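See below for the structure under consideration.
Owing to the predicted nature of the structure, the values given are computational and were not obtained by experimental measurement.
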Amino acid sequence: MQYNHRDAEARVKAFWKDQEVYKVEVNTSKPKYYVLDMFPYPSGAGLHVGHPLGYIASDIYSRYKRQSGYNVLHPMGYDAFGLPAEQYAIQTGVHPADSTAKNIQQYRSQLDNIGFDYDWSREVQTCDPKYYKWTQWIFIQLFEHYYCTKSNKAKPIADLIKHLGAKGTSELTAFGGNETNVTSEEWKAMTAVEQAQLLMQYRLAYRKESFVNWCEELGTVLANDEVKDGVSERGGYPVIKKPMLQWSLRITAYAERLLEGLNTLEWSESLKTIQRNWIGKSSGAQVFFKLENSDDAIEVFTTRPDTIFGVTYMVLAPEHDLVKEITTPGQQAEVEAYVAMASAKSEIDRMAEQKTVSGAFTGAFAKHPFTGNPLPIWISEYVLKDYGTGAIMAVPAEDARDNRFAKQFDLPITQVQDKSQFPDAQIGDKVGRMINSDFLNGLKVKEAIKLAIQRLYDSGVGSRQRNYKLRDANYSRQRYWGEPFPIVYNREQIAQTLTLAELPLELPELEDFKPTREGKSPLARVESWTNTDSGKRETDTMPGFAGSSWYFLRYMDSTNDDVFVSEEAVNYWKEVDLYIGGTEHAVGHLMYSRFWHKFLYDLGYVPTQEPFKKLINQGMIQGVIESIYLDKNKHDGSNRFLCAGLAKQEGLEHFTPIPIHIDFVTDYGSENSHINLDGIKKFLDWRPEYKDAIFECSKGIFQNGKFTSKTGDDSLLITHSEVGKMSKSKYNVINPDHIIEQYGADCFRMYEMFLGPIEQSKPWDTNGIEGVSKFIKKFWSLYFDENQTLRVTDEDASKEQLATLHKAIQKVKKDIEGFSFNTCVSAFMVAVNELKKSQTSSKKVLQPLLKLLAPFAPFLTEHIWLELGNTSSIHLSEYPIFEEKYLQSDSIIYPVCVNGKKRADLETSPDTDKDTLIELAKALSPMQKWLSEGEVVKTIVVPNRMINFVIKSG
RNA sequence: GCCGACGUGGCGGAAUUGGUAGACGCGCUGGAUUCAAAAUCCAGUUCUUUCGGGAGUGUGGGUUCGAUUCCCACCGUCGGUACCA
């Protein structure tokens, strides 16, 4: 008889529920530990085998911590607002709330099947008004605060107003717009609208013009994801970048603190590097280039002010405000065409474009700040509007991109650095001494930068400046399925916030989810909702990251209706101790959450500066995408599918790969992946539009249900396999429920861990799960005999058995703490193989072993634990303690090497001294041959590790 | 393009401070058991070999008595690139 996972899991689930094993409360008598999983978005495809990878790891860790005496908070909830639900609603008319609720239900049942230890009483859903009430409240706080650069924290706008009334903008230490300077009298004389506009320059949540992907034909704003190659993914219509008034968050105010905070975090160096690069701090100079024939100036930021005499032209981003103004009539047509071309491209495409250099001359010139020489002003897509000032001074001698550009358009190149002493130096290397640079001549780069900045400052055309690549976050979406802004515009169009009592501002009911033709959110159509006594409501909604930027705080006190989190709860749980999730969130979610957390810290609502102390990145479990090649040209009016090999011969450019359901494919993911006759029939049932298609492979042709063989063999249409995301649209989603049904949840959990290191990505492959399944059966057979009778006794364990146990305890504990779960599974297998061999039935070994396995296999171990007569859960039991004394051994085996290569083994006692070791090793019979081949020139003995002879053959 | 990660048998992977390359598992081969199969158990399994060895951790170089591990250059794959979440 063997372990029946279906019965055991049902019994154990009921037991956990009945005993409320995972319910957790503030308990000051125990140390706290907060384990968090990244918020899932409940997609319509359900949970696939990739999602739980991190969840299983955090579940193991949280169970380990609980057994080690901690009060563990391990919650779960849903990031439930989002684009896919809205898209689904537009297509099917199903309300996003309904489809989302259904998806959440599906996720919940799948999560429960895996046996996670979540305290579900703390679940949150971002689309729940009880939750988003507080998302709206935090937004109001951001709106009502500015960033003080002197005290380095957020302060109330009321303080700012007081200052403006007393001193105007002089001595103002507020982060933000330095465009406008006013005296207190001017401030007082301003109209309410003007005052509101000035304050917008400082608010942490503010409105400004930002660029959106605008699709005229669809009459809507598109997400980057919905744009492919400059056209809409749906319909293939052109998409351009269009400026629109949008809410933004002034995350740039926190750039320095976000950078510094990284030093305090236990995150991987690579992740911190990603964030540092994203923030992109650089120091250099701000320089103004006056325009010829105009009072305006072009502001640039440069990290290389030393090369100022190498500037031979200027480049503006095509979207730069000045472009329209300065373009001469003769150049207008060319410039407009170029701007239109560039606005149709995504930022990635623009940055990735390296081989072809493009640009257009505006006809205008700027003046060099020192020489007064005219500098032609160009526009080019390699300069981005939102990076720095959207303009650059071009130094083709010291910048590779400028250099290519200058060569392409025959612009002059002035060398400013003598690098003759450094033959290997590349463009941009900061070596050599300055030449052709007036007062900078002869200086080294470092000195030249200093002096150049000084002279710019003295001439009133520049100054030292720090720059950050980080940009303010666009916070508006023209969508229905997101948090409504708690904002009403009064008759003067001034934004007013709602009071706490008026929150939550709920989404109105809606039947048509299409956006309006002007590109506004569908909310704009609900006049009964948008019109209020005090004015019109904001119709944009908040982006996906709004709800997920603070959810970890809500878990601490998820049902509190008076505050977003109580002081008592947040002072006990403090911050997340361990956060597990994918690297895809490296700069989005993880940056926004840190920003919000620091803001809430400034306001005194949270006691920590950083929300996530330790972070582990889980790799992705990828899917295999299988596709078959469809000829782009029809053959005799029929579609034609071709074997992958034949398609390659004819040239893949003539074919479109059509992704197919992996269930139809035999040997999917391998070189021989193919669909056989049965697979083709399944494919045709699934995609009837291809029912007349020809399927051609090297062995014959299939059409209209009949296979005509050329060789007498069966048909095998070779498919194309590639590794990629597991996604509903690629028809390659693998549902954990199926695996669990067949093998049990514990086997599924352990197999996912066994696949490899948690942080590594790998394609899903069910081959190999048998090994884990066998392990579970073997483990079971240590506790029960063939008649399902408990075979555990009180007899003593042998020395070897205890050594096996303690070797396992030591290894598993160490590996859990090092997040190396795959090697834990191996360690369990080794232990069970050894114990099985020695036929132990001693409770002194088997009970600790059960506890050791509990975090990995919570159902199996709980079931056996209860069978052993225990009444409270094994997951509340104490973790086994490792004792060194059981591992002491009276012999050690040294590898004996010649020139680093192992040639013999030497078994000896651990306290043998060095000279004896050498003597013993030299005496070994396999060594005679090697020693006779030459002279020993060196002998290396590493205690307890190895012995190496360096032999020189003579 | 830029930023980050990864690359080891037929396959997933192990070797965490430079010290026995291939733990553990899958697959495969042979055997035991069985009327037979499944299941289970035992043995073998990097390649090559004249059976002494030799080669071998993406490629090419370097440091070292010794390199999967450290350094340099390159190739490939994956993730992010600011409105997918």
Item to complete: Indicate yes or no: at least one non-hydrogen side-chain atom of A:Asp746 is less than 4.5 angstrom from one of A:His5.
Response: no

Item to complete: Check whether any side-chain heavy atom of A:Leu853 sits under 4.5 Å from a side-chain heavy atom of A:Phe779, and report yes or no.
Response: yes

Worksheet item: Does a donor on one side chain and an acceptor on the other come within less than 3.5 Å for A:Ser593 and A:Trp550?
Response: no

Worksheet item: Looking at A:Val936, A:Val898, A:Leu924, which one forms a side chain to side chain contact (heavy atoms under 4.5 Å, CB included) with A:Leu931?
Response: A:Val936

Of the listed nucleotides [options], the one nearest the side chain of [X]:
X	options	answer
A:Leu755	B:G25, B:G12, B:G19	B:G12
A:Lys901	B:U16, B:G56, B:G54	B:G56
A:Asn822	B:C3, B:G13, B:A15	B:G13
A:Lys929	B:G25, B:G4, B:G52	B:G52
A:Val942	B:G19, B:A21, B:G12	B:G19

Discussion item. For A:Tyr579 and A:His589, take the angle between the two ring planes, folded into 0 to 90°, and tell me which bin it lands in: parallel under 30, tilted 30 to 60, perpendicular over 60.
Written reply: perpendicular

Item to complete: Mind telling me whether A:His51 and A:His48 have parallel, tilted or perpendicular rings, with 30° and 60° as the class edges?
Response: tilted

Using atom [atom1] of each nucleotide, how far apart are [N] and [M] to the nearest Å?
N	M	atom1	result
B:A37	B:U33	P	12 Å
B:G76	B:C24	P	37 Å
B:C28	B:U77	P	31 Å
B:G25	B:U17	C1'	28 Å
B:A39	B:U46	P	24 Å
B:U16	B:A67	C1'	16 Å
B:U20	B:G12	C1'	23 Å
B:G10	B:G44	C1'	16 Å

Determine the contact category for [X]: base if any of its heavy atoms lies under 4.0 Å from a base atom, sugar-phosphate if only primed atoms, P, OP1 or OP2 are that close, otherwise nothing.
X	result
A:Met829	sugar-phosphate
A:Asn833	sugar-phosphate
A:Arg276	nothing
A:Ser820	base

So what's [N] paired with, Watson-Crick or G-U wobble, going by both distances under 3.5 Å?
N	answer
B:C84	none
B:G79	B:C3
B:A37	none
B:A55	B:U46
B:G22	none

Mind calculating the distance between [atom1] ([X]) and [atom2] ([N]) to the nearest angstrom?
X	N	atom1	atom2	result
A:Lys938	B:G19	NZ	C1'	14 Å
A:Met753	B:G13	CE	P	13 Å
A:Met946	B:G66	CE	P	11 Å
A:Lys837	B:C24	NZ	C1'	13 Å
A:Ile816	B:U16	CD1	P	19 Å
A:Asp905	B:U20	CG	C1'	8 Å
A:Asn767	B:G12	CG	P	11 Å
A:Gln618	B:C6	CD	C1'	16 Å

Worksheet item: Hey, which of these two, A:Lys778 or A:Glu269, hits RNA chain B nearer its 5' end, going by closest nucleotide?
Response: A:Glu269

Worksheet entry | Closest-nucleotide 5' rank along RNA chain B - winner of A:Thr273 and A:Trp930 | A:Thr273

Worksheet item: Is any side-chain N or O of A:Asn944 closer than 4.0 Å to OP1 or OP2 of B:G19?
Response: no

Worksheet item: When syn is taken as a glycosidic angle within 90 degrees of 0, is B:G30 syn or anti?
Response: anti

Worksheet item: Any idea if B:G25 is syn or anti, going by the 90°-from-0 cut?
Response: anti

Worksheet item: For every nucleotide of nucleotides 76-85 of chain B, 5' to 3': is a protein heavy atom under 4.0 Å from its base (B), only from its sugar-phosphate (S), or from neither (-)?
Response: --SSSBBBBB

Name each donor-acceptor pair under 3.5 Å that joins a side chain in residues 76-86 of chain A to protein atoms two or more places apart or in another chain, with its distance.
| residue | atom | partner | partner atom | Å |
| --- | --- | --- | --- | --- |
| A:Glu86 | OE1 | A:Tyr480 | N | 3.1 |
| A:Glu86 | OE1 | A:Trp481 | N | 2.7 |
| A:Glu86 | OE2 | A:Tyr480 | N | 3.0 |

Discussion item. Nearest 0.5 Å, please: how far is CD1 in A:Ile616 from CD in A:Glu759?
Written reply: 7.5 Å

Worksheet item: If you measure from OH on A:Tyr551 to CZ on A:Phe39, what distance do you get to the nearest 0.5 Å?
Response: 6.0 Å

Practice prompt. Would you verify whether the NZ or CZ of A:Arg594 falls within 45 degrees of the ring axis of A:Trp278 while also being under 6.0 Å from that six-membered ring's centre?
Written response: no

Discussion item. Is it the case that the base of B:C65 and the side chain of A:Asn948 share a donor-acceptor contact (distance under 3.5 Å, atom types as modelled)?
Written reply: yes

